[in-house]
Q: 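Supplied in structure tokens, the structure appears directly below.
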Amino acid sequence: MRAHSQFICGRYRLNLDRPHVMGIVNVTPDSFSDGGKFSSTNLAVAHGLQLIAEGADILDVGGESTRPGATPVSLDEELSRVIPVIEALHARSAVPLSIDTYKPEVMRAAIAAGADIVNDIRALQEDGALEVVANSDAGVCLMHMQGTPQTMQINPSYTDVVEEVKQFLTDRMHAAIAHGVARERIVLDPGFGFGKTTAHNIALIQHLEALADIGQPLLVGLSRKSVLGKIAGGDEQQRLHAGLAASVISAMKGAKIVRVHDVKATVDALKMVAVVMG
Ligand code: 7PM
């Protein structure tokens, strides 16, 4: 067993002895007809700064192209959404910034603008993505997904979901290492809700220890997801309490980073875990 786990990402060395909170910063087009880029950039930056004030350890900036079922966003549109936000947060914050994208061009531009982590729902399978991360000092989150965001929830199917997710993450970790990404720069994520039924998601939470056995820090994203609604009821805005339980359970089963919308509540809940678990 390692004495402690370090996550080396860009300018940062995170000591993952206590669970860390990654706050979600979505950069969405402005709903006002004349809002324009200036307004959506400022809204996202202000939200990111608020999440830092609430105790976020990391910010994850996304331009929505990776959301399941969402209409894909063009490369230029994604760049124009996320790059100004990364630049502004880089200048005004002292927490690692993550870019949520599967496009190598966005990864490269975001790293140049100050991103420390690449959060990739496609686990660097896009042509050129492994090279972009290997030729940088960024950390990377490799996530499991079955299928594509457009079709993955139609009929998710596994013989053994835990074993298959574990094998995929192990293979992608080795691909990254073979390209020159140091082990200390890699975290792994089962990808809750990405080509998984409620039963698959529950099995993955129950057996999170099996994924931790790979030996890399685990990141989990369950915040506001439908599995919470299936178990506890409620629409997206009514899943905070079930989500807090999920973050606590995940942290107690070995997750090192939880990706959430509700930062303050999660920080408080995970302080309990950190103190009680030592
Ligand atoms: C609808 C369903 C909208 C799900 C948005 C989502 C993850 C992620 C997302 C995750 C990592 C959301 C998700 N989920 N990246 N990006 N892990 N690494 O809740 O679980 O934002 S999109």
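Predicted, not measured: the structure shown is a model, and the values here were computed from it. Only heavy atoms go into these numbers, but all of them, side chains included; no hydrogens, no water, no symmetry mates. Note that ligands are numbered from 1 as they come in the structure, with each ligand's atoms numbered from 1 the same way.
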Q: Could you tell me whether His261 and ligand 1 have an N or O pair separated by under 3.5 Å?
A: no
Q: Contact between Cys141 and ligand 1, counting heavy atoms under 4.0 Å?
A: yes
Q: Under a 4.0 angstrom heavy-atom cut-off, which atoms of ligand 1 come close to Asp100?
A: 16 (N)
Q: Examine distances only and state if a side-chain atom of Arg81 and a backbone atom of Gly63 form a donor-acceptor pair shorter than 3.5 Å.
A: yes
Q: I'd like to check which ligand 1 atoms, numbered from 1 as shown, lie under 4.0 Å from a non-hydrogen atom of Gly221.
A: 20 (O)
Q: Does Asn119, backbone or side chain, put an N or O under 3.5 Å from an N or O of ligand 1?
A: yes
Q: What verdict does the side chain to side chain donor-acceptor pair (under 3.5 Å) test give for Gln167 and Glu163, after you've listed the backbone C-alpha separation in whole Å, the side-chain angles of each residue and the deciding distance to 0.1 Å?
A: CA-CA 6 Å; Gln167 191 59 57; Glu163 213 32 63; over 6 Å; no
Q: In plain terms, say whether Asp262 and Arg224 are close enough for a salt bridge, that is, a side-chain N and a carboxylate O under 4.0 Å apart.
A: yes
Q: Tell me whether Asp116 contacts the main-chain N or O of Leu97 through its side chain, where contact means a donor paired with an acceptor under 3.5 Å.
A: yes
Q: Using heavy-atom distances only, which candidate in Met22, Glu64, Lys225, Met143 approaches atom 14 (N) of ligand 1 most closely?
A: Lys225
Q: Name every donor-acceptor pair, under 3.5 Å, that has one atom in a side chain of residues 190-205 and the other anywhere in the protein, sequence neighbours excluded.
A:
from, atom 1, to, atom 2, distance (Å)
Lys196, NZ, His144, O, 3.2
Lys196, NZ, His144, ND1, 2.8
Lys196, NZ, Pro190, O, 2.8
Lys196, NZ, Gly191, O, 2.8
Lys196, NZ, Phe194, O, 3.2
Thr197, OG1, Ala199, N, 3.4
Thr197, OG1, His200, N, 3.1
Thr197, OG1, His200, ND1, 3.0
His200, ND1, Thr197, N, 3.0
Asn201, OD1, Gly193, N, 3.0
Asn201, ND2, Thr197, O, 3.1

Q: If you measure from each non-hydrogen atom of Val220 to ligand 1, which part falls under 4.0 Å: side chain, backbone, both or neither?
A: neither
Q: I'd like to know if Asp100 and Arg259 make a salt bridge, using a cut-off of under 4.0 Å between side-chain N and carboxylate O.
A: yes
